[in-house]
Every structure is written in C-alpha cells, then in structure tokens.
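Atoms within a ligand are numbered from 1 in the order they appear, just like the ligands themselves. Source: prediction; values computed, not measured. Keep in mind that the numbers below use all heavy atoms, side chains included, and drop hydrogens, waters and symmetry copies.
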Amino acid sequence: SSAGGSILWDHVWWFFGHPEVYIVLLPAFGIVAGIIATFSGRPVYARKPLFAAVGIVVLLSYMVYGHHMFLTGISLTEREVFTINTEMISIPFGVLMLSFIGTMYKGAVKLTTPMLFALGSVVIFVIGGLSGVFNSSLALDIALRGTYFVVAHFHYVMVGASEFGLFAGIYYWLPKMTGRMYNETLGKTHFILSFVGFNLIFFPMFFLEDMPRRIVTYAASTGWGPANFVATVGAFIFIPSQLLLVYNMGMTLRGPRAPMNPWNSTDREWVSGPSMPHPVGASSHGIGNGLGNGVSHAASESAHEASPLSTRPIILCLGFAVSMAGLAFGLPVIIIGLVILAGGVFGWAWDDYRGRFRLPEEEEGERWPFSKVPKDKLAMWTFLGSEAVLFGVLLGSYAFIRVNFPYWPTPGVLHDINFGTIDTLIVITSSLTAYLGLQSIKAGNRRGLIGWLGATLLLGIISLGVKGTEWYGLITNLVPGSPIGLPVSSYLVTTGIHGAHVLAGLLIMIYLMKRAATGGFSAEHYGSVENFNLYWSFVNCVWLVVFPLFYLL
Ligand SMILES: [Cu+2]
C-alpha cells in the first residue's frame, strides 16, 4: 500500500529473505558435520560450542536483514546497526569452520565422494563468507550494490555451500536408501567437474565488481569480456556434469550390494540394516548417536505395534505447500491445498487417537542442551518461537504503518472499546479455565479436565463470536478506496490470523476432550494437555498485546 510504503514490503521481505539463506544452509552443514566426522574417524570436535554457534546464527539471522536495504533510504543508525550485526555473524560461522577443521586434525581422513563434496562445501563457504564481510560494510556496499561481486558472493554461499553439502548427503546415504553402492569413480569425477566448473563460473565475478547485474550486453571497452568468457566456460562444465549425478543414482539401483555399514560410521542409521530403518523397538544393537560421540544404549523395550513412521506429516506439508502456491494460482488451488492439509491434520489426529502413531522418548541421539526437556514439549516451544516471529512481523508492520500513516482514527472510532474489553476478559478467563483443566488431570481428575476444557471451548467460541461481529461490522461499513482502508485492513489481517489460531485451539480442545473421554489421559500422562496449555497461553498473550495496540492507542 502507498501509505505503508514500499519500504515496509522491503522490511517484511528481507526479514524473511535473509534467514531463508540459513534455512537452506544449516541442514547442509549438519550433513557436512556428520560426514566429516565419519570420514575422519573422529567425533565432531567442539560439539557443544558448535551447537551454541548454530543457535547464535539463528538468533542473529533475524537481526541482519537490513544489509539488503542499505540504499533504500533507511536511517543511518539502522544501517550502522545492521552493519555491526552482520559482521558479528561471522564469529559463530567461524566457530563452525574451526569445529570442522578440528574434527579432521589428526584424523585418518578418507577422501570418498561424500567427503570430497563436504570439504568442497566448506571451502566454497569460506570464500562466500569472506566476501560477505565486504558486502556487510555499509561503505563498500554502496559501491558493490547490484554488481557481479554480489552475484558471486551469493552463489558461493547458496549454491556452493548448500548444494555441495546436499550432494555430499546424497552420496553418503545412497547405499542406505538403495542397499547398493554407487560408482565411486563416477562420483569423484562429478565432484572434480562440479568444483572446477563452479569456481570457474563464480570466481571471475569477484573481479566484475563494477559490472551491473541484469544487463544483456556491454561494450568491449568495459573490459568485462575475459571474466565473462571464463564464467561461460565454467557454466558449460558445471551444469552438464550434474548429469553424472543423475546417471550415477540411476545406475546405483543395479550396482553391487552395499555392506551394512560401508563407511564404518557410528551413526545409528548405519547399524540397523541397509534399507529403511525399522520401527523403534525392533532394533537391538548398541549404537552411537548422530554425531558419533559414542553414547550406546540397550535394546528399546517398547514392543507395542505403534510406529513412529507416518505419512501424515508429509501429506500435511504437501497440503500446506499447495495452498501457499494457491496465493499465486488462485482460490481453487488454495482450497485444494487446504483440503489436503485438513486430511493430513485429521488423519494424524486419528492415528494418534487410535494409538497407531507414537514417538517414544529415546535414550540415544543428541539432546544437548535440552536433554531434560521432553521432545514434544521442546517441539512446542520451538513452534511457539516461530509463532512469536510471525506475530512479531504482523505487529512490527502495524507499528510501521501507524508511525507513517498521517490520519489514523482516534481510539473508539474504528473499534468499539467495550467489545474489545469484553473479549479481553473472556480471553483471560479462558487461560484460567485451561490451566484448571491441566491441574485437574495432574491430580488424576479426568472429569475435571473434560469440564474445564469444555468451559475453555465455550469461552473460545464466544470470543470468536465477538470478533466475528466486529469483523462483519467493519467489512460491511468499509467504503472501497476510503482513507481508513489501511487501519481496517491491518486490523483484519492481524486479528484474522489470531482468530485462525483460536480456531485451531478449539479443534485441539475437541480432540483432547474426546481423548480424555476415552481414558486417554491420566495423572502420569498429560503431555498433550500441557502442550495445549502452552499453545493457548501463547495465543492469549498475543491478544493481550493486540488489544491495547489496536483498541486503546
Ligand atoms: Cu542477507
């Protein structure tokens, strides 16, 4: 919107855009860490500092995005803060690199194809990271913006580090996935051509620091010709060489049988057979954990038929992906996506209700620093962390619009303060009833749990009813193109997404009541009720921020 300004979109986009780089990068580095440990025959060096560094990267990743906006007109103070934050992020990444080097130091390094790709990933990332230090400088960025130097930096980080890391993972786990060995010579050829080709494409671009992006041609007098020629040669090496990977993968299906543990890895997935892992409970080996620090365990004794393997989460994700694609392709695609998503959610709940799907707490596996926290609770806290980011973006955008919008209606004009106050009281009460439900089941009182959940459900329905009345009033009174469009739409988007969370909470409550009615919870087993309480408290806390911002200020 014009009143919000294109700068707001820039903020929102890059707030997503920068962390997205690490969303792609960090899984690849997880693979790389494991592969380097396996082929060095040593556990990951400085394991705990490594985890701490990844945590710091995640936190900082939200505080550096402004380095994409140095020339958009944001204030000098903002630009200085983003410069410092961006330069700081090289410290935890340095810890990662030292950990990888330390793992190999004095290790018996075996240069198999997965190891070569892992090392390639690290080397390329170091070059990408060092060039990033230049880009993060406010002064240099003014000169480098929109040039091929940035193109080179970006590809060294994204394509080089992430894709080489993922290739390493493909070769590493191909024997696991197919039960057969790939062709090592072909794999190494793929690596050499990829590594040489990639560097030929992108290294010359560092010297094109004065050539603008997005141009189709240029005069010979610019001197950009030779570097572009080398890059083109590199592209003709790099891209076709990827066919070797596809060919090798296909041929692996007819390749020689793979031994149980071809890499002599201590990682648990290599100890339980060459193909898909058995459901938990079927394995009886003493096995190490994912990062090779050698924690062994006795046979898991849980013998019930429940399996941790379920297709429902994949269906859920597919539905989500399709519905998101619908934002570009139109309403029918959104609806198809939501139907698939609902199928995944309800199917998952149904499996859980029937006791078909259980994820038992396991002894092995890397848990530091969360070894004392149950997995599902940790998952809930992680989810709520992502939710805090989502609502942070919504409320931050609201604050941005509010500051930059010239004629905001005074409190009480757009929204009925009485309605909001009643709603807030309902919300606070529903937090209390949900908590009393949790206390009931902790005392073994199943009927109390059902009763208090019922009361919470009722309060939630009333709260949505109040919101619905307000939404209806706002939408029916809205004149297209009127100057209060922005205050209304920011309200509808924020409370609409909040309302969707309330609706999800209502569905969860119905499910919990149904399970409680059939004896699903007891004084010992109430984890789902506790997790629901966390969720519900969070959703209600969000309202306690939304209410004063939209109604009272
Ligand atoms: Cu960035």
Participant: Donor-acceptor pairs under 3.5 angstrom involving side-chain atoms of residues 19-38: please list them, not counting sequence neighbours.
Facilitator:
from : atom 1 : to   : atom 2 : distance (Å)
Y22  : OH     : H18  : NE2    : 2.9
T38  : OG1    : G34  : O      : 3.1
T38  : OG1    : Y172 : OH     : 3.0

Participant: If we check side chain to side chain contact (heavy atoms under 4.5 Å, CB included) with Y171, which of these qualifies: T112, L245, T252?
Facilitator: L245
Participant: Between H67 and F82, is the ring centroid distance below 6.0 Å?
Facilitator: no
Participant: So, F70 versus W14, ring centres under 6.0 angstrom or not?
Facilitator: no
Participant: What pairs meet the side chain to side chain donor-acceptor pair (under 3.5 Å) rule with one or both residues in residues 192-209, with sequence neighbours excluded?
Facilitator: Y156-N199, H190-S194, S194-Q242
Participant: Name each donor-acceptor pair under 3.5 Å that joins a side chain in residues 542-553 to protein atoms two or more places apart or in another chain, with its distance.
Facilitator:
from : atom 1 : to   : atom 2 : distance (Å)
W543 : NE1    : T424 : OG1    : 3.1
Y551 : OH     : E470 : OE1    : 3.2
Y551 : OH     : E470 : OE2    : 2.6
Y551 : OH     : Y491 : OH     : 2.7

Participant: If you draw a sphere of radius 2.8 Å around the Cu ion (ligand 1), how many protein N/O/S atoms end up strictly inside it?
Facilitator: 3
